[in-house]
Amino acid sequence: MARFEIEQLIEACRSAVAGTDAERAVRELVTEACADPAAMATAFGEPEKCGPRTLFRAPDLTVLDFSWAPWMCFKPHNHNMWSVVGIYAGREDNVFWRRTESTIEAAGARSLGTGDVTVLGKDIIHSVVNPLGKLTRAIHVYGGDFFAPERPRSEWDPETLAERPWDMEHTQRMFAEAEARARQ
Ligand SMILES: [Fe+2]
């Protein structure tokens, strides 16, 4: 891709998930795109609101343009499908968690800056912080339907770390509240 085109990336991801080793192929596509983060920022433009914007959704592929509100902390959750994350503006600090007998414990961390790309395995549990006083922008590609996963997704209460079913309404509220706080 000489110049970043959203439609071209989506088409290439659709071809990738139809082939073998989709994760690796999608990682290469996102890496290629994130080599020019300024072009991605231009192509995506300013978001209307914080949160995920769905660019493509199918049973085997979801492509989201993600906008993290300034200083937003996002609860631990899993995806139950592989994903590739590419940052094209700002920074995303990830904490990775592992299950214990009764709950989860922090097991590692990775800070992703502009241009960084990472693959998250299907069983990963992570929480995300935007450590900056401005939006962090990222493209997230999932190897399934993010909004209707085959295996139901979990989230963990940020204070007690108790597991509970993924709550999309609560998630939307978190984004709206973080956005409102940042505007104050
Ligand atoms: Fe996630």
Side-chain angles (χ1 to χ4, degrees), residues 9 13 17 22-23 26-27 29-31 33-34 40 44 47 49-99 103-132 135-159 161-179:
L9 177 66
C13 287
V17 294
E23 283 176 61
V26 168
R27 188 189 67 209
L29 290 165
V30 174
T31 300
C34 287
M40 290 181 79
F44 284 115
K49 59 184 176 65
C50 291
R53 182 165 68 103
T54 305
L55 302 173
F56 183 80
R57 181 183 171 190
D60 59 352
L61 177 70
T62 308
V63 184
L64 303 178
D65 174 28
F66 239 92
S67 300
W68 297 106
W71 303 295
M72 182 172 181
C73 295
F74 193 72
K75 59 193 169 182
H77 62 279
N78 61 14
H79 304 137
N80 287 338
M81 60 186 67
W82 62 261
S83 65
V84 177
V85 173
I87 311 295
Y88 64 90
R91 180 165 292 281
E92 204 186 83
D93 289 345
N94 281 261
V95 173
F96 298 106
W97 303 81
R98 68 174 156 241
R99 288 180 183 274
T103 179
I104 53 172
E105 63 183 11
R110 184 155 181 223
S111 182
L112 301 169
T114 302
D116 286 340
V117 175
T118 195
V119 177
L120 303 180
K122 67 177 172 49
D123 293 320
I124 209 89
I125 301 168
H126 74 152
S127 52
V128 179
V129 171
N130 174 4
L132 308 176
L135 293 184
T136 286
R137 307 287 305 276
I139 185 163
H140 291 208
V141 182
Y142 299 86
D145 185 344
F146 178 80
F147 299 99
E150 278 177 26
R151 278 191 296 145
R153 182 174 302 146
S154 290
E155 61 182 41
W156 283 262
D157 183 283
E159 187 166 3
L161 298 182
E163 185 173 1
R164 61 194 184 201
W166 170 258
D167 183 339
M168 188 55 96
E169 272 178 34
H170 176 254
T171 296
Q172 286 168 340
R173 209 161 58 240
M174 283 184 84
F175 276 102
E177 287 172 3
E179 193 170 7

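Counting convention: from 1, in listed order, for ligands and their atoms alike. Keep in mind the model is a prediction, meaning the values are calculated, not measured. Position 1 is the first residue of the sequence; numbering continues from there.
Under the side chain to side chain contact (heavy atoms under 4.5 Å, CB included) criterion, Asp60 pairs with Val17, Ala58, not counting sequence neighbours.
Sparse packing is recorded around CD of Glu169, with 12 or fewer heavy atoms of other residues, nucleotides or ligands lying under 6.0 Å away.
Cation-pi geometry between Arg153 and Phe146 is met: the NZ or CZ atom falls under 6.0 Å from the ring centre, inside 45° of the normal.
A salt bridge links Arg151 with Asp123: the closest approach of a Lys/Arg side-chain nitrogen to an acidic carboxylate oxygen falls below 4.0 angstrom.
For the Fe ion (ligand 1), protein N, O or S atoms closer than 2.8 Å were enumerated as His77 NE2, His79 NE2, His126 NE2, with waters left out.
For the pair Leu135/Cys50, a side-chain contact is recorded, criterion being any heavy-atom separation below 4.5 Å from C-beta on. You'll find the side chain of Phe175 reaches within 4.5 Å of the side chain of Met72, heavy atoms only.
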